[in-house]
Amino acid sequence: MTKPIAISDSANFYVSAERIFDPTLKGVPVIVLSNNDGCAVARSDEAKALGIKMGEPLHLLRDKIAAHGVKVFSSNYTLYGDISRRVVEVYEDYTPKVEIYSIDECFLDFSGFRDRVTHARTMRRDVLRRVGVPVRVGIAATKTLAKCANDIAKKNPIFAGVLDMTDPALAAWLLPLVPVGDIWGIGRRTVKKLEGLGISTAAELRDMPLRQARALGTVVLERTVLELQGEPCIAFDDVEPQRKGMAVTRSSGKPMEDFDTVFQAITAHATRAAEKLRQHGLVAGTLTVFFHTNRHRADRPQYAGSRSKRLTPMSSDTLELVAAAKRCALAAWPKIENQSYGFTKAGVMLDDLLPLEDRPRTLFDAPQRSPVLMTALDAVNSRFGKKTMVLASEGMSRSWQLRANHRSPRYTTRISDLPVVR
DNA sequence: TCTGGGGTCCTAGGACCC
DNA sequence: TCTGGGGTCCTAGGACCC
């Protein structure tokens with residue numbers, strides 16, 4: 001008997017998080033936008049019912065928003081991250097093993113509970129009571145099947161948010177109802193290929209010959225088939241994996257025309273990346289800078305520049321990272337004379353990350369050339385707020401900064417954001 | 001006419017996830 | 001006018017080695 005795995009996820013998480021602090025949002029259409037107020041990345045059920053699609057650009061939604069009084073929010077990741085942490089705390093009261101999969105999803109070890117459905121229902125009520133967001137739970141023998149169960153529970157109110165599909169007979173009965181494209185790990189490309197073979201449901205994929213699955217979609221697809229058969233191939237893992245890379249990339253509020261502006265954005269991104277490195281106690285071995293024009297504008301000249309550089313010694317020092325980023329940006333800058341580009345996105349990526357204490361040593365290196373300065377920088381920005389102290393090359397105009405015209409208060413992490421009650 | 005056989009490491013690109 | 005950001009894993013193919 002394999003161990004039952006549960007996956008718990010939050011319905012429309014970002015919307016649910018906004019609703020905690022503003023009850024007037026209940027029962028009305030609400031959407032949360034991506035960075036730069038670009039497109040809808042979370043929609044309430046009411047917004048979905050209006051036909052608002054995941055990833056739909058805001059500028060195509062203006063009419064619907066006006067006609068139906070859709071409430072619109074910019075992303076408030078500080079708030080969502082904190083709510084997510086609180087939800088995990090509740091899960092930890094209901095199982096000794098929690099694997100955080102994403103900001104709104106956790107795998108839970110549900111082995112050993114006599115009545116898993118009752119246990120899940122109790123947990124669900126507790127999350128709602130203590131944090132205020134609704135969650136759904138799918139339980140099955142493998143992660144892929146648990147995701148299916150969760151998906152079925154999401155779409156069929158009859159399950160009241162909890163479906164235990166551990167029983168193989170129940171799985172066999174339900175899998176024919178799951179479209180193959182809804183399965184975890186099956187994306188658009190694979191759906192196309194499977195369609196050609198006449199495979200359109202989870203049950204049909206489960207019955208696909210393993211060799212054929214591997215030929216079509218490598219070991220990844222083969223594992224999915226095995227998981228659908230109830231054989232675990234994706235291990236439950238509650239230790240945080242060593243991260244391999246990190247990126248800070250942003251679209252700009254308006255096009256960046258000259259090197260100085262692009263470099264201001266890149267300075268800000270490299271600065272943020274260095275902060276993240278130090279927070280996690282890591283150093284980076286490679287830095288990549290990229291920037292590109294708006295691909296949706298066929299009428300404007302297109303350019304995409306990118307350069308990487310090894311960091312030796314490995315570093316988490318803002319000054320060193322920004323210096324390396326500048327060399328990359330200069331090397332990647334277009335060489336064509338008299339051609340002006342409107343760059344709309346820029347980013348800094350760091351790879352070959354290692355814990356500070358594991359970094360290779362050389363005779364003269366130090367993890368940060370200016371460790372005392374970095375400590376002071378982090379202390380000031382933590383005490384007085386982000387961006388209190390920045391490098392001059394980040395500039396003061398911030399003309400590249402992204403839009404966020406509908407941001408809600410950071411209710412749980414910033415006292416000055418709280419509404420004043422008189 | 002004959003033209004090895006493994007290894008390892010690295011990189012670019014594809015596919016997918018939320 | 002306006003179209004997100006941050007990750008992971010896998011494979012193929014080239015370079016290089018003995």
Applying a 4.0 Å non-hydrogen cut-off, can you work out what [X] is touching in the nucleic acid: base, sugar-phosphate, or nothing?
{"X": "A:Asn36", "value": "nothing"}
{"X": "A:Gly347", "value": "nothing"}
{"X": "A:Arg188", "value": "sugar-phosphate"}
{"X": "A:Met246", "value": "sugar-phosphate"}
{"X": "A:Leu61", "value": "nothing"}
{"X": "A:Lys254", "value": "nothing"}
{"X": "A:Arg214", "value": "nothing"}
{"X": "A:Ile186", "value": "sugar-phosphate"}
{"X": "A:Arg243", "value": "sugar-phosphate"}
{"X": "A:Asp37", "value": "nothing"}

So does [X] get a side-chain nitrogen or oxygen closer than 4.0 Å to the phosphate oxygens (OP1/OP2) of [N]?
{"X": "A:Thr190", "N": "B:dA15", "result": "no"}
{"X": "A:Lys244", "N": "C:dC9", "result": "yes"}
{"X": "A:Lys276", "N": "C:dG7", "result": "yes"}
{"X": "A:Lys193", "N": "B:dG14", "result": "no"}
{"X": "A:Arg297", "N": "C:dT1", "result": "no"}
{"X": "A:Lys345", "N": "C:dG5", "result": "yes"}
{"X": "A:Arg189", "N": "B:dG14", "result": "no"}
{"X": "A:Arg250", "N": "C:dG6", "result": "yes"}

Output the rounded distance in Å from [atom1] ([X]) to [atom2] ([N]).
{"X": "A:His280", "N": "C:dG6", "atom1": "NE2", "atom2": "P", "result": "13 Å"}
{"X": "A:Glu99", "N": "B:dC17", "atom1": "CD", "atom2": "C1'", "result": "13 Å"}
{"X": "A:Ile31", "N": "C:dC2", "atom1": "CD1", "atom2": "P", "result": "18 Å"}
{"X": "A:Met54", "N": "B:dC17", "atom1": "CE", "atom2": "C1'", "result": "11 Å"}
{"X": "A:Ile103", "N": "B:dC17", "atom1": "CD1", "atom2": "C1'", "result": "14 Å"}
{"X": "A:Lys147", "N": "B:dC16", "atom1": "NZ", "atom2": "P", "result": "15 Å"}
{"X": "A:Asp351", "N": "B:dT11", "atom1": "CG", "atom2": "P", "result": "10 Å"}
{"X": "A:Lys143", "N": "B:dC18", "atom1": "NZ", "atom2": "C1'", "result": "14 Å"}

Inset, instruction - Name every residue in residues 67-82 of chain A that has at least one heavy atom under 4.0 Å from any atom of DNA chain B, in order of residue number, or write none if there are no such residues. - result: none
Inset, instruction - For A:Leu60 and for A:Gln242, find the nucleotide of DNA chain C with the closest heavy atom, then tell me which residue's nucleotide is more 5'. - result: A:Leu60
Inset, instruction - Mark yes or no: A:Lys143 above the aromatic ring of A:Phe107, with NZ or CZ under 6.0 Å from the six-membered ring centre and no more than 45 degrees from the axis. - result: yes
Starting the side chain at C-beta, find the nucleotide from [options] nearest to [X].
{"X": "A:Glu105", "options": "B:dC18, C:dT3, C:dC10", "value": "B:dC18"}
{"X": "A:Arg223", "options": "C:dC9, C:dG6, C:dT11", "value": "C:dC9"}
{"X": "A:Cys39", "options": "B:dC17, C:dT3, C:dT11", "value": "C:dT3"}
{"X": "A:Ser34", "options": "C:dG4, C:dT3, C:dC10", "value": "C:dG4"}
{"X": "A:Pro57", "options": "C:dC10, C:dG6, C:dT3", "value": "C:dT3"}

Legend entry - C:dC16 to B:dG4 separation - C1' atoms, rounded to the nearest Å: 16 Å
Legend entry - Nearest-angstrom distance, C1' atom, C:dC18 to B:dC2: 23 Å
Inset, instruction - State plainly whether the residues A:Asp238 and A:Lys97 are in salt-bridge range, i.e. N to O under 4.0 Å. - result: no
Legend entry - A:Glu275/A:Arg272 ion pair, N-O < 4.0 Å: yes
Legend entry - Complementary nucleotide of B:dC17, counting Watson-Crick and G-U pairs under 3.5 Å: C:dG6
Inset, instruction - Say whether, by atom type as modelled, one donor and one acceptor occur between the side chain of A:Glu204 and the main chain of A:Ser200 under 3.5 angstrom. - result: yes
Just by distance, with hydrogens left out, do [X] and [Y] show a side-chain donor and acceptor under 3.5 Å apart?
{"X": "A:Tyr14", "Y": "A:Ser75", "value": "no"}
{"X": "A:Ser416", "Y": "A:Arg410", "value": "no"}
{"X": "A:Asp37", "Y": "A:Ser74", "value": "yes"}
{"X": "A:Gln339", "Y": "A:Tyr303", "value": "no"}
{"X": "A:Lys48", "Y": "A:Asn12", "value": "yes"}

Legend entry - Partner residues of A:Phe263 under the ring-ring contact (aromatic ring centres under 6.0 Å, His included) criterion, sequence neighbours left out: A:Phe259
Inset, instruction - Report yes if the ring of A:His59 lies under 5.5 Å from the six-membered base ring of C:dT3 with planes under 30°, and no otherwise. - result: no
